[in-house]
Amino acid sequence: MACKFISNEDITLWLEALAKDHVVFVPVDDCGSVTFRPLAEGRKPVLDRVPVRSPKEAVFPQNETLLLYKYEKDLEDPEHSTVRIKETLPKERAVVFGTRPCGARGMTVFDRVFDNERIRDPYYATRRENTLFITLACNKVESTCFCHEVGSGPADTAGSDVLLTPVQGGYTAEAVTERGGQMLEASVFADGGNKCAEAEEVKKATREMLGEAHDYSDAPEKLLAVFDDDEFWEEQAAGCISCGACTYLCPTCYCFNITDEATGTTGKRLRTWDTCMSFQYTLEGSGHNPRSTKAKRLKNRVNHKFSYYPDTYEKNIACCGCGRCIKSCPASVDIRAIVKAAQARGAKKESK
Ligand code: SF4
Ligand code: SF4
């Protein structure tokens, strides 16, 4: 990857130039927590704190209109009616600036589900195609970070178009994709020179801060071994209050609900984020609920990330190790600890 350099001052110029023909999402302080918002006057990007919210909403909005419809009845021929449908595919081009590698990697978990050989979700695929990710490598770590344990790392490029690394006076910039390379042709970039070696040192030092990586490779089989161990799952879920924060903040959670909103003979179809941690998520029309307890719901969430998804998608874990769910959970439910406990308990069961 060719390495270039951009100064702290020129970052602002670059963002302003990008904002001429893109919606540029930047991390900003919103009531004390860092979240992505479109660049606007007076909104200063916060680059020294990890965003609490993930960047997924730039590509997979919390609420989106999928289509508009109008029902028409022919009064001359009352048995004849028509429903006109207008698809509302997103058109705008966007840039997500300053996401961390874990957030960008989360998009690769979405890609396998929403845009594959069998299924192409046109809303997701169009936004993904029209959105560029400029990612900021980490130069410090938090106690909840475990990206290095799930196949990622503090300078991971998966899901990104450009990787920036903080160095003295600015950032080095490396193109990850062809589109990223085109972005780095802007005049604000200089040759990286000796800044590139400094960036490599930053990456190495940050990786070392994370220490040794726990091995989750046998998690799918061990989770299967404790699948029917109700006592284990009840213990793990004891503190959970089913608030759903873990799923809404997670860069890899992609569950959604579809609802229609009608006003007279017109209406719209909406897609809205959903959470598998909610009682209503699997509540059937009959009143039966296959995941009636929070223990069953937590079991599903953990298994989905560390067992079902890897089984379906070539051993890729559907967790990027960002730690958002751990930090934001009011009960401090720790997904790492649950999988490790399942690995230990599963191994014990297998040895009996
Ligand atoms: S954030 Fe914590 S308390 Fe809320 S649903 Fe998730 S695990 Fe349960
Ligand atoms: S499960 Fe938790 S640690 Fe893993 S990607 Fe989601 S929020 Fe991050």
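One-based numbering, in listed order, for ligands and for the atoms of each.
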Heavy-atom donor-acceptor pair, [X] side chain to [Y] backbone, under 3.5 Å:
X: Trp233; Y: Val226; result: yes
X: Asp30; Y: Ser33; result: no
X: Trp273; Y: Cys255; result: no

Exercise. Quick one: look up the protein heavy atom nearest atom 6 (Fe) of ligand 1 and list residue, atom name and how far away it is.
Key: Cys246 SG, 2.3 Å

Quiz item: Can you tell me the protein heavy atom closest to atom 8 (Fe) of ligand 1 and the distance?
Solution: Cys240 SG, 2.4 Å

Quiz item: Side chains of Pro290 and Glu284: closer than 4.5 Å at any heavy-atom pair?
Solution: yes

Proximal ligand 2 atoms for [X], defined as those under 4.0 Å from one of its heavy atoms:
X: Phe146; value: 3 (S)
X: Gly323; value: 3 (S), 8 (Fe)
X: Cys325; value: 1 (S), 2 (Fe), 3 (S), 7 (S)
X: Lys305; value: 1 (S)

Quiz item: Has Cys320 got an N/O/S atom less than 2.8 Å from atom 8 (Fe) of ligand 2?
Solution: no

Quiz item: Which ligand 1 atoms does Ile241 reach within 4.0 Å, using its non-hydrogen atoms?
Solution: 3 (S), 8 (Fe)

Quiz item: Just which atoms of ligand 1 are under 4.0 Å from any heavy atom in Gly244?
Solution: 4 (Fe), 5 (S)

Quiz item: With a cut-off of 2.8 Å, does any N, O or S atom of Cys250 fall short of it relative to atom 4 (Fe) of ligand 2?
Solution: no

Quiz item: For atom 2 (Fe) of ligand 1, does an N/O/S atom of Cys329 lie at less than 2.8 Å?
Solution: yes

Quiz item: Are we looking at SG atoms under 2.5 Å apart for Cys250 and Cys325?
Solution: no

Quiz prompt | 4.0 Å heavy-atom contact, Arg301 with ligand 2 | solution = yes

Quiz prompt | Side chain, backbone, both or neither: Ser242 near ligand 1, heavy atoms under 4.0 Å | solution = backbone

Quiz prompt | For Tyr254, the option from Phe114, Phe60, Tyr124 that meets ring pair (Phe, Tyr, Trp, His ring centres under 6.0 Å) | solution = Phe114

Quiz prompt | With Pro166, the side chain to side chain contact (heavy atoms under 4.5 Å, CB included) member among Leu136, Thr172, Asp48 | solution = Leu136

Exercise. Applying side chain to side chain contact (heavy atoms under 4.5 Å, CB included) between Pro251 and each of Arg100, Arg324, Lys56, report the one that passes.
Key: Arg324

Quiz item: Would the number of heavy atoms belonging to other residues, nucleotides or ligands and lying under 6.0 Å from NZ of Lys349 be above 12?
Solution: yes

Exercise. Would you indicate which of Ser152, Cys319, Cys253, Ala318 comes nearest to atom 4 (Fe) of ligand 2 when only heavy atoms are counted?
Key: Cys319

